[in-house]
Amino acid sequence: MLLTAPTTTTDLLAQEKPPVIDFTITAPPGGMDDKTQVLLGVLLWVVTIGLIGLAVWAGFAFAQAFADGAASRGQKLLFGVVAVGGIMSAGAASWVTFFM
């Protein structure tokens, strides 16, 4: 099947606009939106409380080891782990509030 240049140009110009894809986020049926928000909110609070507890424990462990003159590198890096966990928790909270 041979197509001439004017035919293909006319065919291309006569095309309709492509359909626009709608990216709306819909809640699951059955009223699960509120329950999901509560569950994610409680989970984020548990993570936050855990990170606070870990930071307090790391501070006491580091202070005790520093007073004894034996502060190890792992005790110092634990503060970095707490900081990374806090950043990840804050990022997760942002995504939850964005999508809910």
Side-chain angles (χ1 to χ4, degrees):
M1 178 174 161
L2 293 174
L3 296 174
T4 61
T7 306
T8 57
T9 304
T10 306
D11 290 340
L12 287 175
L13 293 175
Q15 288 182 354
E16 296 180 17
K17 292 182 179 179
V20 177
I21 299 173
D22 188 16
F23 288 107
T24 56
I25 299 172
T26 58
M32 290 296 293
D33 190 31
D34 293 335
K35 294 176 185 176
T36 306
Q37 279 184 331
V38 169
L39 180 66
L40 290 174
V42 168
L43 181 67
L44 287 173
W45 274 108
V46 168
V47 168
T48 303
I49 290 169
L51 285 171
I52 290 170
L54 182 64
V56 170
W57 178 77
F60 281 124
F62 178 73
Q64 186 178 14
F66 188 77
D68 294 340
S72 68
R73 183 176 181 166
Q75 292 169 337
K76 296 173 188 176
L77 289 178
L78 192 55
F79 290 110
V81 170
V82 171
V84 169
I87 291 169
M88 290 176 64
S89 175
S94 300
W95 282 107
V96 167
T97 55
F98 175 74
F99 284 117
M100 297 291 175

For this session: Could you tell me which residues satisfy side chain to side chain contact (heavy atoms under 4.5 Å, CB included) with Val46, sequence neighbours excluded, listed by chain and number?
Result: Val42
Problem set entry | Qualifying residues under side chain to side chain contact (heavy atoms under 4.5 Å, CB included), relative to Val81, sequence neighbours excluded | Leu78
List, by chain and then residue number, the residues other than [X] in its hydrophobic cluster (Ile/Leu/Val/Met/Phe/Trp/Tyr, side-chain heavy atoms under 4.5 Å); write none if there are no others.
{"X": "Phe79", "value": "Phe62, Phe66"}
{"X": "Leu51", "value": "Val47"}
{"X": "Ile87", "value": "none"}
{"X": "Val84", "value": "Met88"}

Problem set entry | Minimum-distance pair of heavy atoms, taken over all atoms of Leu44 and Ser89 | CD2-O, 4.1 Å
Exercise. Can you tell me how far CD1 of Ile49 sits from CG of Leu54, rounded to the nearest 0.5 angstrom?
Worked result: 13.5 Å
